[in-house]
Amino acid sequence: MRISLTLIALISLLLLSVPAFADEESDYIENEAAEWTEIAENNGYNILGTYIAGITDEDVYYTADLDPGIYHFYSSGGLNVLDLDMFIYDPDGIELGSDTYGDKIPIVVIRLDERTIVEVQVQAWSFEEGYTSGDFCIVLAAEDEGSVNEWSGAEGYVLDTPMDTPMQDGSDDDYYNEVSENPVYFTINEEDFGNEVIDTDVVYVEDNLYSLEITLSPGFYQTYAQVDTRCFDLDISVYDEDGAMLDDDHMEDPYPLCEFAVNDRQDITIDFEVWTEGDEIIECYVSYMVSLMSDVDEDARREYIEGELEWILEMSDSSGDEVHSAFIAEIDTDMVYQEYLFELDEGSYWCEAMGGLALTDIDMAVYDSYGDLMDEDTLMDDYPMVWFTLDAADTVMVEVSLYSTMPGFDDGYFVFVLTETDEMYYDEEFTDYESDYAWSGDEYELIDNAEWLSDTAYNMLELHGEEILDTYTDYVMMDDENPWTIEFELDEGVYYVYAQGDDICLMDLDMTVFDEDYNLESEDYLANNSPVCRIDVPRRGGTYIVEVYGYWLDCDIGYFHLILTQE
C-alpha cells in the first residue's frame, strides 16, 4: 500500500514543527509519538497502542498478535538517532513489509486476512556523533476492524494505549471469559467467508489433551481454535473413523487452523494438544469452532474458487500493480503439467496460483522463449509464486503442476494470475554495486542471526515430515564468479536445499543446483535472503553441486545457514 503525497507532506510539516532544542530526549520522543497519533487519527485510523523504548546497535524486537485488518506502524527515532529501519515478519519468517530508507521515520503498512502473530524488528543504523544509543517510538494504528490481542517484547513504556495486556494470574472464570468472549476467528470465518458453523464450544483441557468426536456429512471443513494465555502453543490433529490423519497444525502458536475433506458421513476425531513453558501439565480452556466451507459437489467447489479469484484481484488492485491475465482452471493428478503461453513486453512480472478445495500441493515454473528456466516454486503448498524480468519483449511459458490432493480427490480448480509490477527483481545494475560498508560488529552476531532465522525453516520441515540430512553455516561476499559451493552424493529420492541469510547484511541470497555434468537442476533467484531448491534424484543416484551467491549485501560479508533435507 502506498502512502499518499498529502500524508507525506503532513509528516514533513509535523516533523519540522518539533522543537530543535528540546530539553530532554523523553520530551522529544513523546512529542513524536503524539504527532504520529494525530496523523493516524486524521486519516480515520484506530489507535491501538503507542510504545517507547531505547535502542542501541542491537536490534529491538516486538511480537504482536493481530486480528484480520490493515495495520499502520509509524515510528520515529529520538534526538540521537539518525537512521531507523523497520521490518514486519509473519510466523514463517516471510517479510510482510519493511522501510529501509536512510531516514529515522520508518512507516510500514501490512494487510492481514487472518489472525496472525507478527514480529516487528527495529534497527538503528546510525547515531549522532558521540552517541551509541537513543530512543524510538512506535504508534500502531488500524483501519476499520483491526485489533490487537497482545503486544510484547522490548522493555519500555506505553502511552495511553487501549490495548488489553495478557493475564499473568487470574481466576478460573477470568481464563474462561478470555477465550469465550473473543470471537475473532468465529465471526470472521462465518460472516466474511460464508462458512456454516457446525459446532463451537469452550472446553476444559486436563493433562494437556482434549479429544472431540463429531459426526460430519460430506464436505470441506475448517477447524479453528485458541487457548487461554496460560499456554503459548495449541496444536490440532484431525482423524477419520479409520484413524487416518486428514490434517494437522503443529505450528508454535496459540490459534491453529486445519482444513480437511469428508467424502461420506462418518465420525471424525479432533485432538487439541496444549503446551506450556517447560511442557508442564496444566489445566486450561480451549475455544474451538468447526465450520463447513463447501459441499463436495462441483458447483460448490467452483463457487469457492471464484471467491478466491475475486479476493486476489482486490489485493492486486490495492497494490497498484496491473493484472495482465487472470482465470480459473481445472487440473487433475493425471496431468504432468499445464502450459500457458504469454506474449509480454519488457518489464517485471510475477505469477501466482492459488489452489481451491481438495488441492494441497501445486508447483509452478516459468521459461523464456529459448526454454531457459527463469524461476520456479516447488515448495510444498498450494499457492506457488514466481517472479521474472524481461529485458525485451518475449513469449514466456508458465507450467503449473499438481503434486497432491486431499484424500479421496484427484482433481480440483485453481486460480491463475499474471501481474506486471514496477518492482525490478533482476536489475543487472545491482551486480555492479560494491559495498562501502564494512561490518563493524562481531561475525558471530551475523551467524547467530542467520541461525535464529532458520528456526522457522526447522519448524516447517518438521511439520512436513522432511528428514534433515546435513546443515552448514558459512559466509558469502558479493561475487558472482566465486560462489560458496558444496557437493552432495545423493541416492534416489526427492531432496530440498534451504538457505537462510542473516537479515543484517544479506539482503538477497541466490542459489543454483547442478548435476555432475553441470546441467542446471534447480535455481532460486527470488529477491529475498531465503532461497530454496528442489533436487529430483533418479534411481541411479548422482552427484549434485549447490552454489550459494551473495547477490546483494549491505556489508562486505554476510552469513547464511544451509539445510539439506530428504522428502
Side-chain angles (χ1 to χ4, degrees), residues 1 33-34 36-52 61-75 86 88-91 96-97 107-120 137-154 156-168 170 174-193 195 197 200 202 222 224-234 251 253-257 285-289 291 311 314-315 318:
M1 179 175 294
W36 281 126
T37 299
E38 182 179 354
I39 290 173
E41 290 177 341
N42 289 341
N43 281 275
Y45 305 151
N46 300 318
I47 307 300
L48 302 181
T50 302
Y51 315 95
I52 294 177
Y61 296 90
Y62 291 100
T63 299
D65 182 352
L66 304 176
D67 294 331
I70 298 176
Y71 295 88
H72 298 249
F73 294 79
Y74 303 105
S75 184
M86 184 190 300
I88 312 292
Y89 299 96
D90 72 5
L96 301 177
I107 305 168
V108 179
V109 182
I110 63 172
R111 173 172 178 168
L112 301 177
D113 294 288
E114 61 181 15
R115 184 174 174 182
T116 306
I117 293 181
V118 302
E119 180 182 78
V120 182
C137 67
I138 295 179
V139 174
L140 174 59
E143 299 181 24
D144 301 327
E145 74 279 7
S147 60
V148 60
N149 300 291
E150 181 179 348
W151 176 279
S152 60
Y157 58 102
V158 178
L159 295 177
D160 299 325
T161 173
M163 182 192 67
D164 292 326
T165 56
M167 287 186 297
Q168 302 299 321
D174 290 334
Y175 289 111
Y176 175 86
N177 293 333
E178 181 188 349
V179 294
S180 63
E181 295 178 358
N182 188 6
V184 175
Y185 271 154
F186 311 153
T187 303
I188 292 296
N189 187 274
E190 181 180 8
E191 295 179 358
D192 287 3
F193 295 100
N195 294 358
V197 176
T200 180
V202 176
Q222 286 182 336
Y224 285 113
Q226 64 184 50
V227 66
D228 70 46
T229 50
R230 286 174 290 186
C231 303
F232 73 91
D233 184 22
L234 175 64
M251 297 294 290
D253 60 56
Y255 38 82
L257 163 68
Y285 287 101
V286 169
S287 58
Y288 71 85
M289 182 193 65
S291 65
W311 176 80
E314 289 178 358
M315 291 290 290
S318 66

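Keep in mind that this is a model prediction, so the values were computed, not measured. We number each residue from 1, following the sequence as shown.
- For the pair Thr50/Val139, a side-chain contact is recorded, criterion being any heavy-atom separation below 4.5 Å from C-beta on.
- Ring geometry for His72 against Tyr74 counts as parallel: the plane angle stays under 30°, on a 0 to 90° scale with 60° as the upper cut.
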Task: Derivation of the side chain to side chain contact (heavy atoms under 4.5 Å, CB included) call for Ile107 and Trp36 - done: CA-CA 10 Å; Ile107 305 168; Trp36 281 126; 3.7 Å; yes
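- Here the closest heavy-atom approach between residue Ala225 and residue Val286 is recorded as CB-CG1, 4.3 Å.
- Thr116 approaches Pro91 most closely through the heavy-atom pair CG2-CD, 3.5 Å.
- For Asp67 and Ser147, the side-chain atoms include at least one donor-acceptor pair closer than 3.5 Å.
- Of all the heavy atoms in Trp151 and Val120, the pair that sits closest is CH2-CG2, 4.3 Å.
- Minimum interatomic distance between Leu140 and Tyr51 (heavy atoms only, all atoms of both residues): CB-CE1, 4.3 Å.
- Side chain of Asp65 to backbone of Asn149: no donor-acceptor contact under 3.5 angstrom is found.
- Here the side chains of Tyr71 and Leu48 are in contact, with some heavy-atom distance below 4.5 Å.
- Met86 and Val108 get closest at one heavy-atom pair: SD-CG2, 3.9 Å.
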Task: Step-by-step side chain to side chain contact (heavy atoms under 4.5 Å, CB included) determination, Leu96 to Leu112 - done: CA-CA 9 Å; Leu96 301 177; Leu112 301 177; 4.0 Å; yes
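- Within the 4.5 Å cutoff, the side chain of Ser75 has heavy atoms near those of the Ile138 side chain.
- Panel note: side chain Thr63, backbone Glu119; no donor-acceptor pair is recorded below 3.5 Å.
- The CG atom of Leu66 sits 9.0 Å away from the CD1 atom of Ile117 when rounded to the nearest 0.5 Å.
- The CD1 atom of Ile47 lies 10.5 Å from the CD atom of Glu38; values are rounded to the nearest 0.5 Å.
- Atom CD of Gln222 sits about 5.5 Å away from atom CG of Leu257, to the nearest 0.5 Å.
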